[in-house]
Amino acid sequence: MRVGKISGGSAAAALTLLAFGCAAPGTRAGGPEATPTSGQPSPSVVAEPTGPRADAPPNHGDNNSWKQRRELSEADERTGKKLAARIRPKLEALRAAGDFAPASTRGALLDLGIEADAIEVTAMRTPIWLETTPPGAVYAVHFAQVGCVIGDVRPERVMVEVTASAAEFGCLEPFSH
């Protein structure tokens, strides 16, 4: 393919010819008459999705229903927020000390008086684009049989979130491709 320069005169001539060829109906001599239109616009046709996630693959909802978390009552939400308020400073202290080890995170949660059975801590997962696991720990604290305080401790942040547990897996969603 050959690319060359277009002169200013050639470009102006091309635009002029284009403008003549794009005239509205009924504006050119000998052209068809313009069709009168009513003051009412024609109704537009818009494709509407048919269902809650029409763009999702079939059975998407069924295939992912295991991820659905329960609802927390207002009382359970308050309980979770109080627990999260106790957890955050302890994990912020770990982060400030540069300690991102899962064992340290577990120890900090145990130091708060949380029962060992209610605590789950794992190392960060290695993303497919990295060769080494990033520093940090992922944690979950189960409370009131339905609630979870979940999050992570890593160099750039401490995340603390109150949520409900899921029937299939509890607090921490298992790794799935």
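In this text, all values refer to a predicted model and were calculated from it rather than measured experimentally. Residue numbers start at 1 and run along the sequence shown.
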inquiry  = Taking Arg154's backbone N and O only, do any of them form a donor-acceptor pair with Asp152's side chain (distance below 3.5 Å, no angle check)?
reply    =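 Side chain of Asp152 to backbone of Arg154, a donor-acceptor pair under 3.5 Å: no, none is there.
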For the atom pair [atom1] ([X]) and [atom2] ([Y]), what is the distance rounded to the nearest 0.5 Å?
X	Y	atom1	atom2	value
Arg157	Glu92	CZ	CD	11.5 Å
Ile150	Cys171	CD1	SG	7.5 Å
Cys148	Glu161	SG	CD	10.0 Å
Glu71	Glu77	CD	CD	10.0 Å
His142	Glu115	NE2	CD	12.5 Å

key: Minimum heavy-atom distance Gln145-Ser165, with the two atoms named   =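 So the two residues come closest at O-OG, 4.2 Å.
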ask   = Within a strict 4.5 Å, meaning less than it, do heavy atoms of the Pro102 and Thr105 side chains meet?
value =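 Answer no - side chains too far apart.
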request  = Decide yes or no for Pro134 and Pro155: does some side-chain heavy atom of the first lie under 4.5 Å from some side-chain heavy atom of the second?
outcome  =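 Result no, sub-4.5 Å side-chain heavy-atom pair not found.
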task = Each residue besides Val121 in its hydrophobic cluster should be listed here, by chain and number; the cluster joins Ile, Leu, Val, Met, Phe, Trp and Tyr at side-chain heavy-atom distances under 4.5 Å.
result =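 Reading the cluster by chain and number, Val121 sits alongside Leu72, Leu83, Ile87, Leu91, Leu94, Phe100, Leu109, Leu110, Leu112, Ile114, Ile119, Tyr139, Val141, Phe143, Val146, Val149, Val153, Val158, Val160, Val162.
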task = Give the C-alpha distance, both sets of side-chain angles, the deciding distance and a yes or no for side chain to side chain contact (heavy atoms under 4.5 Å, CB included) between Thr133 and Arg125.
result = CA-CA 6 Å; Thr133 302; Arg125 293 188 186 120; over 6 Å; no
key: Modelled atom types, side-chain donor and acceptor of Thr79 and Asp76, under 3.5 Å   =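 No, because no side-chain N or O of Thr79 sits under 3.5 Å from a partner of the opposite role on Asp76.
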